[in-house]
Amino acid sequence: MDKTYQPNTIEQKWYKTWEENGYFKPSGDTEAKPFCIIIPPPNVTGSLHMGHGFQESIMDALIRYHRMQGDNTLWQVGTDHAGIATQMVVERMLAAEGTSRHELGREQFIEKVWQWKAQSGGTITRQLRRLGASPDWSRERFTMDDGFYKAVQEVFIKLYEDGLIYRGKRLVNWDPKFHTAISDLEVLNEEKQGHLWHFRYPLADGSGHLVVATTRPETMLGDTAVAVHPEDARYRHLVGKTVKLPLTDREIPIIADEYVDRAFGTGCVKITPAHDFNDYEMGQRHSLEIINILDADANLNDAVPAQYRGMERFAARVQIADDLDALGLLEKVEPHTLKVPHGDRSGAVIEPWLTDQWYVKTQPLAEEAIAAVEDGRVNFVPKNYENMYFSWMRDLQDWCISRQLWWGHRIPAWYDNEGNVFVGRSEEEVREKYTLDADVALRQDDDVLDTWFSSGLWTFGTLGWPEETKALQAFHPSSVLVTGFDIIFFWVARMIMLTLYFKKEVPFHTVYVHGLVRDSHGQKMSKSKGNVIDPIDLIDGIDLERLVQKRTTGLMHPQDAPKIEKLTRKDFPHGFSAFGTDALRYTYYSLASTGRDIRFDVGRIEGFRNFCNKIWNASRYVLQNCEGYDCGQDNNGDFELTIADRWIVSQLQRTETSVRQALDSYRFDLASQTLYDFIWGEYCSWYLELSKPILKDENASNTIKIGTRRTLIRVLETLLRLAHPLMPFITEEIWQRVKTLACATGDTIMLQPYPKADSHKVDEEAETAIAWLKQVVEAVRNIRGEMNISPARKIPLILRSGSIRDKALLEQAHSLLMQLVSLEAITWLGAGEPTPTSATALVGEMELLVPMAGLIDVKAESARLQKEIDKLTKEFQRGQGKLNNPKFVSKAPAEVVSREKDKLAETESARKRLQQQLEALSRL
RNA sequence: GGGUGGUUAGCUCAGUUGGGAGAGCGACGGCCUUACAAGCCGUAGGUCACAGGUUCGACCCCUGUACCACCCA
């Protein structure tokens with residue numbers, strides 16, 4: 001093995017092997033438990049960001065964990081056509097080429113999109129492979145492939161036939177940039193500083209005026225009423241009268257409605273049913289006229305007086321305010337903060353606009369979907385997301401599913417010239433179904449479906465539905481959905497609704513919700529902030545100049561480049577070294593505590609790269625000492641286990657239990673921590689060191705040496721399997737080298753059984769023995785360290801006042817101790833023998849003495865002792881305070897009290913001994 | 001305005017039935033020790049946001065406050 005761990009040389013090699021050998025496919029074992037994860041489909045033309053990296057790493061850990069447990073495991077993979085996002089990208093490309101989709105026409109445009117997909121569609125799946133993700137690539141799906149389109153059609157038609165999809169003219173959220181309707185969820189409300197204008201509307205009878213307050217003066221041209229609260233004494237007498245709407249020749253009524261907030265503005269509001277959701281509702285209640293004054297670009301249309309026609313909406317706002325002012329109708333303008341709706345993709349200010357759209361009636365679907373979570377058929381992890389889900393589901397509006405886009409699933413509906421609607425799989429089927437003559441002209445709906453409509457069918461659509469396939473039978477419902485909280489409404493809720501309706505079962509049993517990946521300062525990663533980290537750069541490494549370049553090119557606001565460059569140079573003065581996939585994945589896991597966002601700190605990935613290196617080198621040590629030797633491969637051979645062997649095996653059992661427990665409860669952070677502690681803290685730091693004296697000892701028996709090698713190699717082999725779901729590459733690379741020595745068979749670690757604790761191997765005797773040994777070692781090391789005794793220098797150790805147990809333990813550990821702390825001799829001081837002046841430490845009742853002659857400075861040792869004594873004194877006082885409290889003694893459980901008493905006695909005894917030692921030193 | 005999560009070492013974070021505050025990174029001191037300097041050994045550093053309450057005992061449970069983040073209206 002190379003001396004240093006080089007991830008790049010092993011990762012791609014193993015991935016290729018795995019994929020070529022079909023290891024990612026389900027075992028197909030129908031007796032085994034099924035385990036299935038359906039990937040949240042990334043945008044087909046997208047590229048991997050930190051959020052993906054995190055999410056895919058979690059899924060892969062679960063998949064590998066279950067696969068190793070022998071489950072019939074499927075990770076279903078696929079990509080999403082991402083309607084708006086993809087169309088936007090292609091339109092931008094066309095614009096750069098000086099053309100547009102309208103010039104190309106629908107068919108050619110869609111052809112262009114497919115070309116773009118063919119060209120850039122492989123990026124994300126290639127990157128998934130770099131992460132070590134192990135989905136069954138042979139089953140890869142795309143939301144626009146033929147089979148999936150069939151599922152989408154079936155669902156649309158069935159819902160339509162069942163009366164759950166309808167077409168209607170309503171106010172929708174209109175995106176004037178993309179010229180499409182969008183759903184409520186795709187609208188982001190941003191707080192903005194604006195104004196509140198107060199305008200006078202003259203009463204038609206000439207008896208005065210009303211003052212209305214509005215944030216959107218331009219819509220006044222579409223006002224069809226003025227509303228006041230029915231109990232508002234200021235205005236009650238005016239209800240039923242009319243006002244003359246300024247700038248127009250219309251008279252509009254004054255109405256009373258509970259919805260009016262008396263405290264807002266003047267308590268009089270203008271009502272524009274065509275351009276405000278609340279006003280629309282009120283218009284319905286009062287049968288008001290609806291006057292649409294905007295066109296698809298959100299410019300004023302021909303329904304307004306001539307001088308405003310064609311005017312841009314925000315220009316019109318200023319103009320109308322000015323004109324009213326000129327007429328003396330502007331009473332005042334106040335600063336006002338308001339929520340302005342924006343399209344999540346376009347960023348354009350959204351207009352409520354009256355159009356014909358398709359809707360899903362959600363309430364009947366929601367009821368069952370709520371019940372499924374209430375009764376535990378679907379569980380959220382962490383649990384508190386269920387409340388978020390409930391509160392949204394209980395207040396669900398109908399879902400607008402039509403989009404005025406070209407890229408997507410075209411709505412399977414046709415119209416005749418009279419505007420009658422026919423829904424079916426194709427024009428032919430529609431003609432047959434509705435017995436339409438050949439001479440009836442039919443035209444298909446131009447719109448496509450919301451991308452989330454098709455994503456909603458993802459769990460069963462990818463498995464072959466509407467065919468009753470074997471995969472569908474075996475793997476649906478899926479086991480776990482791994483997703484971010486941000487798409488619980490967009491996707492999770494809709495999947496639950498649609499799947500329950502069509503499959504009569506839930507799409508998944510568990511929803512694991514992870515947090516957002518942020519930068520180390522807690523900022524969201526975004527191109528415009530220039531703080532994006534590309535996971536691939538962490539794997540392969542990138543130098544500072546290339547990183548700066550990457551972050552500062554293609555910016556929406558090029559003027560930010562210097563700021564971004566400065567920040568980048570400050571945060572990452574050396575760019576990133578090539579940390580490798582395993583280190584990256586391990587970092588994700590270590591940060592994956594539930595219910596909070598994660599701040600990605602590059603310092604941590606370095607630590608885990610070092611951890612990989614540690615495993616690498618430990619394995620080198622083990623192999624050096626095992627290859628070519630008898631490691632007990634012959635299970636019947638003679639071998640003998642030392643206390644250290646029994647101890648590490650015992651610790652391994654406990655680690656196996658904890659890691660499994662952590663993975664079963666989605667605590668990847670705890671799993672990674674537990675493994676790290678065991679591998680580095682116990683196996684490497686202690687066990688490998690403990691093995692050295694034995695393997696080097698020429699007097700040690702062969703059976704003991706075999707036992708040690710056997711333990712070295714078998715514990716290593718086991719921990720590789722234990723770690724494999726988290727760090728697939730390095731574990732495979734090393735496993736291939738150790739498997740034979742450890743008597744494992746098989747072609748890949750991927751398909752080995754996942755380690756399971758054997759409670760018979762838990763050995764408390766060995767654990768106490770090694771715990772004692774560690775205490776002694778640490779006490780001597782402390783003296784060495786504090787006294788600056790060179791590690792190379794051998795020192796004598798004298799023991800005094802030990803118990804029979806101490807003596808027995810020493811007997812057992814004598815030679816190990818000699819080596820571990822580099823001693824020249826260990827001697828027991830007999831009763832009455834003179835004590836040399838020494839540095840002192842305590843292990844229980846036993847005193848450790850390191851004679852000072854030539855080694856130790858009295859002053860330094862006195863200071864060290866004093867520090868120890870101070871610590872003990874504090875502890876003593878704490879304990880004494882507790883025990884002096886009669887309430888504690890009478891009310892606390894007896895075992896707590898007695899533990900406290902023992903502790904106090906120990907502390908006091910230790911303190912006294914050290915005190916004596918200190919006094920002895922001061923007499924010198 | 002309603003809701004959720006958070007506040008623990010300089011930084012990033014653990015801390016599950018309430019009973020002596022932990023890790024990694026960073027800092028400081030010492031080591032090229034035959035697996036590993038991407039390492040080893042040692043050390044320092046915390047009124048667990050604040051204020052009350054419950055309790056013999058609170059980082060943990062309850063109430064309130066402040067600040068941060070996010071969701072919804």
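Since this is a predicted model, take the numbers as computed values, not measurements. Every chain is numbered from 1, with letters handed out A, B, ... down the list of sequences.
Nucleotides B:rG29 and B:rU63, compared at atom P, are 49 Å apart to the nearest Å. Rounded to whole Å, the separation between the P atoms of B:rA14 and B:rU7 comes to 8 Å. Separating the P atom of B:rG57 from that of B:rG18 is a span of 16 Å, rounded to the nearest Å. Remark: the separation of the C1' atoms in B:rU8 and B:rA73 is 35 Å, to the nearest Å. Annotation: B:rC71 and B:rC56 have their P atoms spaced 44 Å apart (nearest Å). Across B:rC61 and B:rC48, the matching P atoms stand 16 Å from one another, rounded to whole Å.
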Interface polar pairs with nucleotides 69-73 of chain B, N/O, under 3.5 angstrom:
residue: B:rA73; atom: N6; partner: A:Lys339; partner atom: NZ; Å: 2.4

Table of protein N/O atoms under 3.5 Å from nucleotides 43-46 of chain B N/O atoms:
residue: B:rU43; atom: OP1; partner: A:Asn782; partner atom: ND2; Å: 2.9

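A:Tyr385 has its OH atom 13 Å from the C1' atom of B:rG3, to the nearest Å. Rounded to whole Å, atom P of B:rG57 lies 7 Å from atom NZ of A:Lys887.
When heavy atoms are screened at a 4.0 angstrom cut-off, A:Ile789 is found touching no nucleic acid atom at all. Counting non-hydrogen atoms under 4.0 angstrom, A:Thr4 reaches a base of the nucleic acid. Residue contacts for A:Cys612: at a heavy-atom cut-off of 4.0 Å it reaches no nucleic acid atom on any strand shown. Across all strands shown, A:Arg609 has heavy atoms under 4.0 Å from base atoms, whether or not it also approaches the sugar-phosphate. A:Leu623 comes within 4.0 angstrom of no nucleic acid atom, judged by non-hydrogen atoms across all strands. Here A:Gln819 lies out of heavy-atom contact (under 4.0 Å) with every strand.
Taking the side-chain contact (heavy atoms from CB on, under 4.5 Å) definition, one finds that A:Leu567 meets it with A:Asp571, sequence neighbours left out. Judged as a side-chain hydrogen bond (donor to acceptor under 3.5 Å, both in side chains), and not counting sequence neighbours, A:Thr674 has no contacts. Listed by chain and residue number, A:Leu171, A:Asn173, A:Pro352 satisfy the side-chain contact (heavy atoms from CB on, under 4.5 Å) test with A:Phe277 (two or more places apart in sequence, or in another chain). Contacts of A:Gln775 classified as side-chain contact (heavy atoms from CB on, under 4.5 Å), with partners at least two apart in sequence or in another chain: A:Val843. With sequence neighbours excluded, the residues satisfying side-chain contact (heavy atoms from CB on, under 4.5 Å) with A:Leu842 are A:Glu847, A:Ala910, A:Arg913, A:Leu914.
Counting non-hydrogen atoms of neighbouring residues, nucleotides and ligands closer than 6.0 angstrom, the CD atom of A:Glu778 exceeds 12 such neighbours. For A:Glu824, the CD atom sits in a packed shell: over 12 heavy atoms of surrounding residues, nucleotides or ligands are nearer than 6.0 Å.
When each of A:Lys696 and A:Tyr5 is assigned the nucleotide of RNA chain B bearing its nearest heavy atom, the one mapping closer to the 5' terminus is A:Lys696.
Contact check for A:Met787 versus A:Glu861: side-chain heavy atoms found under the 4.5 Å cut-off.
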TODO: Could you run through nucleotides 19-27 of chain B and give me one letter per nucleotide, 5' to 3': B if any protein heavy atom sits under 4.0 Å from the base, S if only the sugar-phosphate is that close, - if neither?
DONE: BB--SS---
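Taking the side chain of A:Glu778 as heavy atoms from C-beta on, and the options B:rG15, B:rA35, B:rG42, the nearest nucleotide is B:rG42. Taking every side-chain heavy atom of A:Asn885 into account, B:rC56 is the closest of B:rA35, B:rC56, B:rC36. Listed nucleotides B:rA35, B:rC41, B:rU12 differ in distance to A:Arg599; the shortest reach to its side chain belongs to B:rU12. Of the candidates B:rC36, B:rA38, B:rU16, B:rC36 carries the atom nearest the A:Lys3 side chain, counting heavy atoms from C-beta on. Among B:rC36, B:rA35, B:rG30, the nucleotide with an atom closest to any side-chain atom of A:Tyr621 is B:rA35.
For B:rC40, the OP1/OP2 oxygens have a side-chain nitrogen or oxygen of A:Lys614 closer than 4.0 Å. Contact check, A:Lys692 against B:rC36: no side-chain N or O comes under 4.0 Å of OP1 or OP2.
By the 30° and 60° cut-offs, the orientation of the rings of A:Tyr389 relative to A:Phe380 is tilted. Ring geometry for A:Phe668 against A:Tyr512 counts as perpendicular: the plane angle is over 60°, on a 0 to 90° scale with 30° as the lower cut.
Using a distance-only test at 3.5 Å, with no hydrogens or angles considered, no donor-acceptor pair links the side chain of A:Ser909 to the main chain of A:Ala905.
For the pairing with A:Phe608, the ring pair (Phe, Tyr, Trp, His ring centres under 6.0 Å) check across A:Tyr586, A:Trp680, A:Phe579, A:Tyr589 returns one residue only, A:Tyr586.
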Listed pairs under 3.5 Å, donor-acceptor, residues 877-884 of chain A side chains, sequence neighbours left out:
residue: A:Asn884; atom: ND2; partner: A:Gln880; partner atom: O; Å: 3.4

Using distance only, find each side-chain donor-acceptor pair of residues 599-607 of chain A under 3.5 Å and give its atom names and separation, not counting sequence neighbours.
residue: A:Asp601; atom: OD1; partner: A:Gly603; partner atom: N; Å: 3.2

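Sequence neighbours left out, the pairs with a member in residues 683-698 of chain A that pass side-chain hydrogen bond (donor to acceptor under 3.5 Å, both in side chains) are A:Tyr621-A:Ser691, A:Asp645-A:Tyr687, A:Glu689-A:Lys692.
Helical stems in RNA chain B, defined as runs of 3 or more consecutive Watson-Crick or G-U wobble pairs with donor-acceptor distances under 3.5 Å: B:1-7 with B:66-72, B:10-13 with B:22-25, B:27-31 with B:39-43, B:49-53 with B:61-65.
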